[in-house]
Amino acid sequence: QVQLVESGGGLVQPGGSLRLSCAASGGIFSIDGMGWYRQALGKQREFVADIGRSGSTNYADSMKGRFTISRDNAKNTMYLQMNSMRPEDTAVYYCNAHYYTVVDGAPAILEAWGQGTQVTVPS
């Protein structure tokens, strides 16, 4: 199974920047799509951005132009560069991935989530 670990969260002032990382590990696997989601306290988890194996990207409207998602397949790592940050960006940010692997000798397609990393933009 794949484990995802986010890092890079923290406190940043409005208008500032932060870069999140998500590292995948856990054995033999091939990651397809990856994405970032976030969840503010008391709110529903929402889509931030995703990226395909070959680098195609999608962004939520409020993120477009401010955030940039990228990945390094050789390092099994995904990134989220966040610029022009706003207080409403305050949330726990989660890494998501769909991946192909082998379980007990059989091919499988599975989903993994990271534990989340806190991002705080004070108002």
Side-chain angles (χ1 to χ4, degrees):
Q1 57 184 358
V2 165
Q3 292 82 45
L4 303 177
V5 179
E6 302 95 337
S7 61
L11 179 70
V12 61
Q13 296 298 312
S17 297
L18 206 60
R19 191 189 193 210
L20 306 182
S21 298
C22 171
S25 63
I28 300 174
F29 59 88
S30 179
I31 297 177
D32 190 5
M34 301 185 75
W36 289 98
Y37 293 75
R38 69 186 187 187
Q39 187 169 20
L41 187 63
K43 306 295 183 181
Q44 296 294 315
R45 187 171 297 187
E46 67 173 332
F47 171 76
V48 174
D50 63 20
I51 183 167
R53 177 73 180 182
S54 62
S56 60
T57 60
N58 294 288
Y59 297 90
D61 287 343
S62 64
M63 325 298 172
K64 194 172 184 179
R66 301 191 299 123
F67 293 4
T68 302
I69 189 171
S70 62
R71 65 192 291 175
D72 185 334
N73 292 336
K75 296 180 179 179
N76 290 321
T77 302
M78 176 181 65
Y79 307 94
L80 183 68
Q81 178 66 47
M82 303 184 289
N83 300 324
S84 302
M85 297 191 72
R86 309 163 180 168
E88 51 263 44
D89 293 325
T90 296
V92 177
Y93 284 70
Y94 295 92
C95 175
N96 169 267
H98 293 90
Y99 63 98
Y100 300 89
T101 189
V102 176
V103 179
D104 295 329
I109 304 173
L110 302 176
E111 182 182 70
W113 287 92
Q115 83 292 338
T117 185
Q118 177 70 49
V119 172
T120 302
V121 186
S123 58

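Scope of the values below: all heavy atoms of this structure, side chains included, with no hydrogens, waters or symmetry mates.
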Using 0.5 Å steps for rounding, measure from the OG atom of Ser17 to the CZ atom of Arg66.
10.5 Å
To the nearest 0.5 Å, what is the distance between CE (Met63) and CE (Met82)?
10.0 Å
Residues Met34 and Cys22: closest non-hydrogen pair is CE-SG, 4.2 Å
Find the distance between NZ (Lys43) and CG (Leu41) and round it off to the nearest 0.5 Å.
9.0 Å
Establish, from distance only, whether the side-chain atoms of Asp72 and Thr77 form a donor-acceptor pair under 3.5 Å.
no
Arg38: which of Val119, Asp89, Val92 passes side-chain contact (heavy atoms from CB on, under 4.5 Å):
Asp89
Atom CD of Gln1: over 12 foreign heavy atoms under 6.0 Å:
no
Which heavy atom of Gln13 sits nearest a heavy atom of Val121, and at what distance?
C-CG1, 4.0 Å
Separation between CG (Asp32) and OG (Ser54), nearest 0.5 Å, reads 9.0 Å
Within the distance-only criterion (no hydrogens, no angle test), does the side chain of Glu6 pair as donor or acceptor with the backbone N or O of Cys95 below 3.5 angstrom?
yes
Arg45 NZ/CZ over Tyr94 ring centroid, <6.0 Å and within 45° of normal
yes
Are Gln39 and Gln44 linked by a side-chain donor-acceptor pair shorter than 3.5 Å?
no
Any idea which heavy atoms bring Thr120 and Pro122 closest together, and the distance?
O-CD, 3.8 Å
Check ring-ring contact (aromatic ring centres under 6.0 Å, His included) between Phe47 and all other residues, then give those that pass, not counting sequence neighbours.
Tyr37
Heavy atoms, side chains only, cut-off 4.5 Å: are Leu20 and Thr117 in contact?
yes
According to a 4.5 Å side-chain heavy-atom criterion applied to Ile, Leu, Val, Met, Phe, Trp and Tyr, with indirect links allowed, do Met78 and Leu110 form part of one hydrophobic cluster?
yes
Ser30 OG to His98 NE2 distance, which is reported to the nearest 0.5 Å
13.5 Å
Ring-face cation contact, Tyr79 with Arg71, 6.0 Å cut, 45° max
no
Are any of the side-chain heavy atoms of Leu80 and Phe67 separated by less than 4.5 Å?
yes
Determine the minimum heavy-atom distance between Ala108 and Val103, stating which atoms define it.
CB-CG2, 4.1 Å
Co-membership, hydrophobic cluster, residues Val2 and Trp113, 4.5 Å side-chain
no
Kindly determine whether Ile69 and Trp36 satisfy side chain to side chain contact (heavy atoms under 4.5 Å, CB included), including the steps that lead there.
CA-CA 8 Å; Ile69 189 171; Trp36 289 98; 3.6 Å; yes
Shortest non-hydrogen contact between Ala40 and Ala91, atoms and distance:
N-CB, 3.7 Å
Separation of Ser123 OG from Glu88 CD (nearest 0.5 Å):
9.5 Å
For Ala24 and Ile31 the tightest heavy-atom approach is CB-CD1, 3.5 Å
